[in-house]
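Take a look at the structure below.
Keep in mind the model is a prediction, meaning the values are calculated, not measured. In listed order, ligands and their atoms are each counted from 1. Keep in mind that the numbers below use all heavy atoms, side chains included, and drop hydrogens, waters and symmetry copies.
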Amino acid sequence: MLELAPSILSADFARLGEEAQAALEGGTTLLHVDVMDGHFVPNITIGPPVVKSLRSATDATLDVHLMIEDPDQYIPAFVEAGADWISVHQEACIHLHRTIELIRSLGAKPGVVINPATPVHTLDEVLEIVHLVLVMSVNPGFGGQKFIPAALDKVRKLGTMRTVKGADFRIEIDGGVSLDNIGEVVRAGAEIVVAGNAVFGSGDPRKNVATLLRTAKEAMFQKV
Ligand code: DX5
Ligand code: ZN
């Protein structure tokens, strides 16, 4: 199943509830929430209070992407605030297996994320215990960056690894997705597609989500 995850990073934070609602009305039940700490990435965004506010404003699945150092310290607060899925960076977790188990033990669905410079084989030992693998198609830290095409090959590799292992994680991609490349992205095998700038950058988020989804679905059924 293909899903679009609008990233609220590019929304107008002064009207966050409205913007989130508009994106959801475009035809999705997911919201991607980018958490940055100014250490793991060179930018600072939001924390548990904003997740809590979103939680009370919507029933959407909150897909929380932690771009922070020492995520174990903050995971309980994000679960408490209402995060449904919590993804941590492979590069930020020394004891990745433990961190994934922590997320699961608190009742959220665990995901693992890899930066553009991190090979997929570094995830070999955790593919069977995660709900999702998120492939970064930009270096994390900012919305509106240019898509890095090498991410497509990582998505394809993950699809093969999943079949070989008989695992059932979902494959998500994040960064630089637009109407121009969403077709390629889903044909490579991405099942959850994050889009920030393409949803909230200009125009109506409802229409933007609907158009992205329609374009992606058409591409999936196109013969190549
Ligand atoms: C980047 C974030 C992304 C970002 C995507 O660090 O993880 O989720 O918001 O935004 P666009 O779609 O604008 O690249
Ligand atoms: Zn993200």
Side-chain angles (χ1 to χ4, degrees), residues 2-13 16 19-20 22-23 26 28 30-47 50-51 54 60-69 71 74 78 83-93 103 108-118 130-152 154-155 170-186 190-203 205 208-209 211-213 215-216:
L2 171 70
E3 286 184 285
L4 196 86
S7 164
I8 61 158
L9 184 61
S10 299
D12 175 357
F13 280 9
L16 187 52
E19 293 258 84
T28 184
L30 276 179
L31 287 175
H32 184 83
V33 181
D34 287 309
V35 176
M36 306 186 188
D37 66 352
H39 293 275
F40 181 70
V41 287
N43 195 7
I44 301 178
T45 56
I46 58 160
V50 174
V51 173
L54 275 174
T61 299
L62 300 180
D63 169 27
V64 175
H65 175 191
L66 297 184
M67 286 159 275
I68 62 176
E69 283 179 4
Y74 301 98
F78 282 102
D84 297 291
W85 303 350
I86 297 187
S87 298
V88 291
H89 273 258
Q90 184 271 357
E91 305 86 3
C93 297
I103 296 168
K109 292 190 173 166
V112 66
V113 193
I114 46 173
N115 279 335
T118 306
V130 290
H131 173 68
L132 67 91
V133 175
L134 173 48
V135 175
M136 289 309 301
S137 40
V138 296
N139 286 292
F142 305 93
Q145 301 182 79
K146 196 170 173 300
F147 185 81
I148 299 173
L152 295 173
K154 289 162 108 175
V155 167
R170 300 181 69 192
I171 303 173
E172 182 171 17
I173 193 162
D174 183 5
V177 174
S178 67
L179 272 180
D180 295 335
N181 58 23
I182 196 166
E184 258 187 300
V185 160
V186 296
E191 298 144 339
I192 304 164
V193 180
V194 178
N197 198 48
V199 171
F200 297 108
S202 62
N208 294 340
V209 167
T211 310
L212 283 162
L213 275 169
T215 308

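In this structure, the protein non-hydrogen atom closest to atom 14 (O) of ligand 1 is G176 N, 2.8 Å. Distance from atom 1 (C) of ligand 1 to its nearest protein heavy atom, with residue and atom name: F142 O, 3.5 Å. Nearest non-hydrogen protein atom to atom 12 (O) of ligand 1 is G196 N, 2.8 Å. Considering only non-hydrogen protein atoms, atom 13 (O) of ligand 1 sits nearest to G144 N, 2.7 Å.
Heavy atoms of G141 come nearer than 4.0 angstrom to ligand 1 in at least one pair.
Of the inter-residue distances, the one linking Y74 atom OH with I86 atom CD1 reads 14.0 Å to the nearest 0.5 angstrom.
Here's the thing with A195: none of its N/O atoms is less than 3.5 angstrom from an N/O atom of ligand 1. The shortest N or O to N or O distance between N139 and ligand 1 is not under 3.5 Å.
Within ligand 1, the atoms closer than 4.0 Å to a non-hydrogen atom of M36 are 6 (O), numbered from 1 in the order shown. Atoms of ligand 1 lying under 4.0 Å from at least one heavy atom of G175, given by number and element, are 14 (O). If you number the atoms of ligand 1 from 1 as listed, the ones under 4.0 Å from a heavy atom of G143 come out as 10 (O), 13 (O). Atoms of ligand 1 found under 4.0 Å from any heavy atom of M136, numbered from 1 in the order shown, are 7 (O). If you number the atoms of ligand 1 from 1 as listed, the ones under 4.0 Å from a heavy atom of H32 come out as 8 (O). Annotation for ligand 1: atoms under 4.0 Å from non-hydrogen atoms of H65 are 7 (O). For ligand 1 and D174, the ligand atoms under 4.0 Å from any heavy atom of the residue are 2 (C), 3 (C), 4 (C), 5 (C), 7 (O), 8 (O). Counting the atoms of ligand 1 from 1 in the order shown, those under 4.0 Å from a heavy atom of V194 are 8 (O).
When the Zn ion (ligand 2) is compared with the N/O/S atoms of H32, atom NE2 turns out nearest. Take the N/O/S atoms of D34: the one nearest the Zn ion (ligand 2) is OD1.
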Start with the C-alpha gap between F13 and I46, add the side-chain angles, then the distance that decides, and say whether side chain to side chain contact (heavy atoms under 4.5 Å, CB included) holds. CA-CA 10 Å; F13 280 9; I46 58 160; 3.6 Å; yes
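For N197, heavy-atom contacts with ligand 1 shorter than 4.0 Å involve the backbone as well as the side chain. Residue contacts with ligand 1, taken as heavy atom pairs separated by less than 4.0 Å, involve S7 solely via side-chain atoms from C-beta onward.
Donor-acceptor pairing under 3.5 Å is recorded for the side chains of D34 and S7.
Residues R170 and H131 are in side-chain contact: their nearest non-hydrogen atoms beyond the backbone lie under 4.5 Å apart. Residues N139 and I148 form a side-chain contact, since some pair of their non-hydrogen atoms from C-beta on lies under 4.5 Å apart. Contact check for I114 versus E91: side-chain heavy atoms found under the 4.5 Å cut-off. Taking 4.5 Å as the limit, every side-chain heavy atom of V113 sits out of range of all side-chain heavy atoms of D174. Using a 4.5 Å cut-off on side-chain heavy atoms (C-beta onward), L212 and V193 make no contact.
With T28 contributing its side chain and L4 its backbone, the two residues share a donor-acceptor pair below 3.5 Å. Proximity of a side-chain donor or acceptor of S10 to a complementary backbone N or O of G201 within less than 3.5 Å is not detected. Side-chain atoms of S137 come within 3.5 Å of backbone N or O of G175 as a donor-acceptor pair.
To the nearest 10 degrees, the Zn ion (ligand 2) sees OD2 of D174 and ND1 of H65 at an angle of 90°.
Between H89 and F40, the angle of the ring planes lies from 30° to 60°, which puts this pair in the tilted group.
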